[in-house]
Amino acid sequence: MAEYIYIDDLSKSGKLAISYHVFDALVNEALSRVKGITKSSKMLKKDQRFRLNRPVATFIHRGIVHVLVTVDVAKGNNLQTITSNIQEEVNNTLLLATETVPFNVQVRVEKIV
């Protein structure tokens, strides 16, 4: 597993190395903007739709940043809507921060609570 992804600058005078820890921080920031997430409580509150069980796993393989987000979803909520919202927010954050870095975002529902 690679620890860095390298980006060439436009003037060809060097490379920028971005660690997978940076991508972890970006993903956690994106998840903080999605409504209804809590990372620590075992029980869902009334207005809470889902919680993060093991929040984020990020790794770099063959020049691609792979992000796996694992969530628990409350019964009665639309799984596709929730996972799409998470995926969209993470995608937008990574695109704004890096532009040229290829990435793969997967959202996995661990269980329905």
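Since the model is a prediction, treat every value here as computed from it, not as a measurement.
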Measuring from [X]:[atom1] to [Y]:[atom2], what's the distance to the nearest 0.5 Å?
X	Y	atom1	atom2	answer
Q87	N92	CD	CG	11.0 Å
F23	I18	CZ	CD1	4.5 Å
H21	L26	NE2	CG	13.0 Å
I86	N91	CD1	CG	11.5 Å
Q106	T70	CD	OG1	10.0 Å

Do V71 and L79 share a hydrophobic cluster (ILVMFWY, side-chain heavy atoms under 4.5 Å, transitive)? yes
Are L94 and I64 co-members of a hydrophobic cluster defined by side-chain heavy atoms under 4.5 Å apart? no
Evaluate side chain to side chain contact (heavy atoms under 4.5 Å, CB included) for L31 paired with V56, printing each intermediate quantity in order. CA-CA 9 Å; L31 292 174; V56 177; 3.6 Å; yes
T58 versus V65: any side-chain heavy-atom pair under 4.5 Å? yes
Contact between V69 and V27 at the side-chain level, heavy atoms closer than 4.5 Å - yes or no? yes
Can you tell me how the ring of H66 sits relative to the ring of F59, calling it parallel under 30°, perpendicular over 60° and tilted otherwise? parallel
Minimum heavy-atom distance between P102 and G63, given as atom pair plus value: CG-O, 3.3 Å
In terms of heavy-atom contacts, T93 and A30 come closest through OG1-CB, 3.3 Å
Short question: side chain of T83, backbone of Q80 - any donor-acceptor pair under 3.5 Å? yes
So, the side chain of S32 versus the backbone of E29: is there a donor-acceptor pair under 3.5 Å, distance only? yes
After noting the C-alpha distance and the side-chain angles of D24 and V22, does the key distance pass the side chain to side chain contact (heavy atoms under 4.5 Å, CB included) rule? CA-CA 5 Å; D24 278 343; V22 173; over 6 Å; no
